[in-house]
Amino acid sequence: MKKLITFLLAIATISMGAGCTKQDKPSETIQSEMLSLKSADINMADDFSEILCTDIRDRDYFIFGKLNSGEYSGYITNTQFAEKKSFIFSPHEDEVIKTAALMKSRKTAVLTTLDEETFIYTFDSNGNIENTYNLGEILSPDDYFTEMIYAEDGFYININRESLVYIDANGNFKGNVDTGRRIVCGIVNDSNGSPAVLMSQNSNMFLGTLNNGNITEEVECGELTDYTQAICGGKGDYRISAVLPNGLHGLKDNKWEKLSDFSENDFRTSDILDIEMVNNDEYTVLLREINGKTSMRLLSQRDISEIKTKNIIKLANVAISEYDPYNELIKKYNSESEDNKIEVVNYRSELIEDAIRSLDLDIISGNAPDIVLFNSYAPVENFGNKESLFVDMYKLIDNDAEINRNDFLDGFLESLETNGKLLQIAQSFGVNSYMIKEKFANGLNSWSLDELEKIYKANSENMLFTYSSQYLDMNYMLDELLVFSRFYDKDTAECRFNSAEFIETMKFLKNNNIGLAPNAARNTEINSGADCDINAFRKDEVLVQKTEIYGFSYFREYQQVYSDENVIFIGFPSEDNINAISMPIGGYGIMANSKNIEGAWDFLKYYLFSEDSNNYYENSSNFSGLEKYYKEQLDYFCTSHTYIDSETGEEKNSDEYIYYPPDSSDEFVTVELQPFTEKESRRNDEFIRAALKNSIKSDVQIQDIVTEETAAYFADERSAEKTAEIIQNRVSIYLSEQS
């Protein structure tokens, strides 16, 4: 049996990106020391309620948008933002302003649509209209993205990153530029003042010079991304710069060089609407704020005297796509810590197996990150020599003056253990169970398989088992009903898939035709989703509802939205009266060979257990593993939350749930959620604490083994007993390989 994580003898080089050379000869991305950029507000931007775009040409800087007065204006200033000339643009009624651009000699242009026609207005250096060009039907008011640049030969317009059109110097529409059906990432005047287009196809990037509506002198920039947040012309050594999902890059000698990941700034790449390079190592960025407004910042390289040498702590992020991995907590830690800086190593791959393999190879080569984030594809138990690879964090907790074992909920740390050692730490956990209406439960609070079958058969003529049993395969229904993780123990390398409980549950599903047979065609007219589940449960069309409870907000929804009657979390059919199981959410480990174990632990304490962390994830998040925050979460949902209606002045309940019954002709139902009563609070609290004593850890490899073999039983290819025997043998071998 092949392990998920295998320690290979050969070490392969996996490139995160590629650089830019002539076509069909891409090279690696240059990774030099990144800039440390300090941020300062550009006060001139405060005049605007919304900034649509910025532009730069020579020493002139252009800001265009809607003033606080409601008028549209363009400011032409310098790169010190010390003075300005401005003009006012007054659109016609129903005219939609799309964008604007800076021309030569402080002239400007504004792009609009009106009555399905597109217009370009040009202004002289004094802000007077020189020309009005009617371009015909080019743009739509609904186009979500538009950018325009001016060149000696006219204008180029990027529409939705799908097409690039050319307008000559006389304002005549000349048609589309042939981009080879590639994504138009952006258009820009490069460091030489030449118009250029950056394109992408299957993550391969291309930069071409624009000339009279044609692309010339094209270079291939290697495999990097299909999406840029913003691009701008370069200065000095850089032909252009681009904000990609993982940070700022510059194109130098036709090779991408990563300049900054913005990890020390208080914004993310996804907040950046526009960028301009104003000097070497100096940029302006246009940012989208939380309140919907826009702001501008000047980013400049910190003086070397301002930069204190910090310990670099690398955090592995096993992801299936490349994106900005820095959330506000990491940025805040980086900006406030005097000793450490977190750098996220994004193991980018379209396949999770490739991402894990890349991490595996770094561990083998001695280039491992300091902190590893585990998941169900790569749990800590699947790492060979795990007890020597990762730090036992019980030792860190026991020697810590700020946190101790008693700060955690009883059973939480134990749920994360591996052979009695704490090789991973997590912030929170979730709980799974089954819910049934009290009137169908026959007085039971938990049930065996025999009791479940008796209740189901008494109601099966008028009810489905679950709503999902109409469209899920029987082998998936088996996992829902049993939870495969209950049938193995990785610490002892034991499993019990050959037990009577497992075998009889397979028979129960098959004999009662619960779920689709293997390879059966799904009825495409059956809708799925939470709204369908709610509707079916409320109308007594189903017996039970699988519940995934990731916080006390879920409790209220299951108890108040899914039913207006009393419900019971009756749990999984077993002889052990298991009402619920818990599972940790994620899990972080510290490599034992890290050169900065103390720094890694300092970060994890902040990232997982600080006040900032609790506030960041708010009260509706997963159950906290810390007693203090867990109680705060529970208290929050024992309290009413209201707001004042601005129109009526009436105080109203701010907690509500809206769902759309499938048969309601698009009419939605609003359920006002009520706080827990004292009795409900106590009952829910006891339920969650008990679930922590029944913790499981999922493993995708084992799940795949079980579903593969149970499919043969449900297809009448072998008996339940033989199927269970095969699963038992396969999983036993797999577990022995992990031990």
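- Checked for salt-bridge contact, Asp410 and Lys693 meet the test: a charged N lies under 4.0 Å from a carboxylate O.
- The backbone N or O of Leu329 sits less than 3.5 Å from a side-chain atom of Asn327, completing a donor-acceptor pair.
- The six-membered or imidazole ring of Tyr562 lies away from that of Tyr657, with a centre-to-centre distance of 6.0 Å or more.
- Between the Gln703 side chain and the Ser698 main chain, no donor and acceptor come within less than 3.5 Å of each other.
- A donor-acceptor pair is defined here as one N or O able to donate and one able to accept, closer than 3.5 Å; no such pair exists between the side chain of Thr723 and the backbone of Thr710.
- Residues passing the salt bridge (Lys or Arg N to Asp or Glu O under 4.0 Å) test with Glu417, sequence neighbours excluded: none.
- Enclosure of atom CD in Glu678 is not indicated, since only 12 or fewer non-hydrogen atoms of other residues, nucleotides or ligands lie within 6.0 angstrom.
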Problem - CA sep, side-chain torsions, deciding dist, call: Phe383, Phe390, ring-ring contact (aromatic ring centres under 6.0 Å, His included) - result: CA-CA 10 Å; Phe383 285 78; Phe390 301 104; 5.4 Å; yes
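- Residues Pro573 and Leu452 approach most closely at CG-CD1, 3.8 Å, considering heavy atoms.
- Within a 6.0 Å sphere centred on NZ of Lys439, heavy atoms belonging to other residues, nucleotides or ligands number more than 12.
- Residue pairs that meet the salt bridge (charged side-chain N to carboxylate O under 4.0 Å, His left out) test with at least one member in residues 456-471, sequence neighbours left out, are Glu453-Lys457.
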Exercise for the section: Check the pair Thr642, Glu651 against side-chain hydrogen bond (donor to acceptor under 3.5 Å, both in side chains), reporting the backbone distance first and the verdict last. Expected result: CA-CA 6 Å; Thr642 61; Glu651 186 177 20; 2.8 Å; yes
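- Residues Phe465 and Asn512 fail the side-chain proximity criterion, which asks for heavy atoms closer than 4.5 Å.
- Side-chain contact between Lys546 and Ser468: absent, with no pair of heavy atoms (C-beta onward) separated by less than 4.5 Å.
- The minimum heavy-atom distance between Asn498 and Gln728, with the atom names listed, is N-OE1, 3.4 Å.
- Using a 4.0 Å cut-off between a side-chain N of Lys or Arg and a carboxylate O of Asp or Glu, Arg405 and Glu414 do not qualify as a salt bridge.
- Between the side chain of Glu708 and the backbone N or O of Ile705 there is no donor-acceptor pair closer than 3.5 Å.
- When each of Tyr636, Tyr630, Tyr558 is tested with Phe552 by the rule ring pair (Phe, Tyr, Trp, His ring centres under 6.0 Å), just one qualifies, namely Tyr630.
- When the options Phe487, Phe508, Phe572 are evaluated for a ring pair (Phe, Tyr, Trp, His ring centres under 6.0 Å) with Phe502, the one that passes is Phe487.
- Interatomic distance, Asp655 CG to Gln560 CD, rounded to the nearest 0.5 Å: 9.5 Å.
- We find that Arg718 and Glu709 are joined by a salt bridge, their nearest charged nitrogen and carboxylate oxygen being less than 4.0 Å apart.
- Residues Thr418 and Lys697 form a side-chain contact, since some pair of their non-hydrogen atoms from C-beta on lies under 4.5 Å apart.
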Exercise for the section: Check step by step if side-chain contact (heavy atoms from CB on, under 4.5 Å) holds for Lys490 and Asp699. Expected result: CA-CA 10 Å; Lys490 286 195 166 186; Asp699 186 317; 2.3 Å; yes
Problem - Working for ring-ring contact (aromatic ring centres under 6.0 Å, His included), residues Phe714 and Tyr476 - result: CA-CA 11 Å; Phe714 291 125; Tyr476 287 103; over 10 Å; no
Exercise for the section: Starting from the C-alpha separation in whole Å, work towards a yes-or-no answer on side-chain hydrogen bond (donor to acceptor under 3.5 Å, both in side chains) for Glu387 and Asn419. Expected result: CA-CA 9 Å; Glu387 293 181 43; Asn419 294 327; 2.8 Å; yes
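- When atom types are taken as modelled, the side chain of Thr505 and the backbone of Glu501 share a donor-acceptor pair closer than 3.5 angstrom.
- At distances below 3.5 Å, not a single donor-acceptor pair connects side-chain atoms of Ser433 with backbone N or O atoms of Thr547.
- In this structure, Lys437 forms a cation-pi arrangement with Phe537, its terminal cationic atom sitting closer than 6.0 Å to the ring centre and no more than 45° off the ring axis.
- A donor-acceptor pair under 3.5 Å links the side-chain atoms of Asn653 to the main chain of Leu673, judged by distance alone.
- Judged by distance alone, with hydrogens and angles left aside, the side-chain atoms of Asn317 form no donor-acceptor pair with the main-chain N or O of Val344 at under 3.5 Å.
- Between Tyr554 and Phe623, the ring center distance fails the sub-6.0 Å criterion.
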Practice task
Could you give me the CA-CA distance, side-chain angles and deciding distance for Met583 and Ile696, then say whether side-chain contact (heavy atoms from CB on, under 4.5 Å) is met?
Solution key: CA-CA 5 Å; Met583 68 235 86; Ile696 57 99; 4.1 Å; yes
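- Formation of a donor-acceptor pair under 3.5 Å by the Asp392 side chain with backbone atoms of Tyr394 is found in this model.
- Atoms NZ and CD1, on Lys605 and Ile397 in that order, are 10.0 Å from each other to the nearest 0.5 Å.
- The side-chain heavy atoms of Met474 and Asn513, taken from C-beta on, include a pair separated by under 4.5 Å.
- For Glu627, the CD atom counts as densely surrounded, since its 6.0 Å shell holds more than 12 non-hydrogen atoms of other residues, nucleotides or ligands.
- Note on ring orientation: taking the six-membered ring where Trp is involved, the planes of Phe497 and Phe484 are perpendicular (angle over 60°, cut-offs 30° and 60°).
- In this structure, the side chains of Leu423 and Leu389 stay at 4.5 Å or more apart for every pair of heavy atoms.
- Test Tyr607, Tyr606, Trp601 against Phe603 for ring pair (Phe, Tyr, Trp, His ring centres under 6.0 Å) and you get one pass: Tyr607.
- Residue Arg486 comes nearest to Ser574 through the heavy atom pair NH2-CB, 3.5 Å, listed as atom of the first residue, atom of the second, then distance.
- Contact record, Pro662 with Asp531: CD-O, 4.1 Å, taken as the closest heavy-atom pair.
- Between Asp407 and Lys628, every side-chain heavy-atom pair lies at or beyond the 4.5 Å cut-off.
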Practice task
Dump the intermediate steps for side-chain hydrogen bond (donor to acceptor under 3.5 Å, both in side chains) on Thr466 and Glu480, then the final yes or no.
Solution key: CA-CA 10 Å; Thr466 64; Glu480 275 206 355; 4.7 Å; no
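- Using a 4.5 Å heavy-atom cutoff, the side chains of Phe569 and Val431 are not in contact.
- Among all heavy-atom pairs drawn from Tyr550 and Gly430, the shortest one is CD2-CA, 3.7 Å.
- The existence of a salt bridge linking Asp716 and Lys510 is confirmed by a sub-4.0 Å separation between a basic side-chain nitrogen and an acidic carboxylate oxygen.
- Shown here for Pro369 and Tyr347, the closest heavy-atom pair between the two residues is CD-OH, 3.6 Å.
- Between Phe412 and Phe429, the ring planes lie tilted relative to each other; the angle falls in the 30° to 60° range.
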Exercise for the section: Test Val544 against Phe440 for side-chain contact (heavy atoms from CB on, under 4.5 Å), laying out the working first. Expected result: CA-CA 9 Å; Val544 295; Phe440 296 124; over 6 Å; no
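- Residues Tyr467 and Ile526 have side chains in contact (heavy-atom distance under 4.5 Å, counting atoms from C-beta outward).
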Practice task
For the pair Leu626 and Ile403, evaluate side-chain contact (heavy atoms from CB on, under 4.5 Å) and give the outcome as yes or no after the intermediate values.
Solution key: CA-CA 10 Å; Leu626 280 178; Ile403 196 169; 4.3 Å; yes
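- A donor-acceptor pair is defined here as one N or O able to donate and one able to accept, closer than 3.5 Å; such a pair exists between the side chain of Asn404 and the backbone of Asn406.
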